[in-house]
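Both ligands and their constituent atoms are indexed starting at 1 by order of listing. Just so it is clear, the model here is predicted, and its values are computed rather than measured.
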Amino acid sequence: MRKLVVGNWKMNGLAASLAEIEALKGLTSSATCEIVVCPPFTLIERATARSHGSSIAIGAQDCHSEATGAYTGDVSAQMLAEIGARFVIVGHSERRSTYQETDMSVAAKARAAHAAGLTSIICVGETQSERDLGKAIEIVTRQVIRSMPTSGASENTAIAYEPRWAIGSGLVPSISQVEDVHAAIRETLVERVGADGRAIRILYGGSLKPSNAASIFSIENVDGGLIGGASLKASDFTAIIAAAG
Ligand code: 13P
């Protein structure tokens, strides 16, 4: 399976940051994995123009579940598709915790993304206390079942496992912890959609950096990564992409 490496810039980036996309273009021309950069909404259209002629695709970090309507401040999946986005992250833990997004609303967003022709990157992950209670696998598989709409298939969906305690903390789960959760997600996907569940990419995210990328990417059922902080600098992100092949 071709690995998928996604950079999530979060709320970082002004026009000057588009230079990172230019730099990335030059540095990744021989990469064999699929590369996606998710800048803030304001840069999507310009990032799409800058990435033209390269293998870098542009994505968004969120979308609304409805196509149009009285939702002040929101952006629909169709609007994102119109300005060149091909992917959208839904249910990131920062949105689940800050805006109380539920599995149900995440599934509605993913469904809207699919209807607009976008690939959804559905995020799941346990908190530190849930892990301490031995509930990580139960929590994560439940999130996968509830957050993936019936429209989800390998051509329009990736799952990102991001343990909340590993995001931006420098902490990373052990190899066996990642292996166990990814295996459980794979099993859940196959139960859910049949054989196609084997082709849905499962990304790992949380303090991924050049120094740990190769070992994480070599774990079974890790089909790529979702990278925050280290995606902001083209040289670090390129090293992670190189580790993915
Ligand atoms: P960091 O790579 O900064 O830990 O962030 C991970 C993340 O939240 C990506 O979506």
Within 6.0 angstrom of Glu187 CD, more than 12 heavy atoms from elsewhere: no
Sidechain-backbone polar pair: Ser105 side chain, Glu101 backbone, donor-acceptor under 3.5 Å: no
Member of Lys3, Arg186, Arg2 meeting the salt bridge (charged side-chain N to carboxylate O under 4.0 Å, His left out) criterion with Asp223: Arg186
For atom 4 (O) of ligand 1, closest protein heavy-atom neighbour: Gly168 N, 2.6 Å
Selection from Gln61, Lys10, His92 by shortest heavy-atom distance to atom 5 (O) of ligand 1: Lys10
Close-contact set for ligand 1 against Glu162 heavy atoms, below 4.0 Å: 6 (C), 7 (C), 8 (O), 9 (C), 10 (O)
Per-atom contacts of ligand 1 with Gly229, taking only distances under 4.0 Å to non-hydrogen atoms: 1 (P), 2 (O), 3 (O)
Enclosure of Met1 CE (heavy-atom neighbours >12, cutoff 6.0 Å): yes
Close-contact set for ligand 1 against Leu226 heavy atoms, below 4.0 Å: 9 (C), 10 (O)
Lys/Arg-Asp/Glu bridge criterion (N-O < 4.0 Å) met for Asp62, Lys109: yes
4.0 Å heavy-atom contact, Ser207 with ligand 1: yes
Nitrogen or oxygen of Gly228 less than 3.5 angstrom from that of ligand 1: yes
Heavy-atom side-chain proximity of Phe237 to Ile35 below 4.5 angstrom: yes
Check ion pair Lys10-Glu94 (N to O, under 4.0 angstrom): yes
Where ligand 1 meets Asn8 - atom numbers and elements under 4.0 angstrom, heavy-atom basis: 9 (C), 10 (O)
Part of Ile167 with heavy atoms under 4.0 Å of ligand 1, whether side chain, backbone, both or neither: both
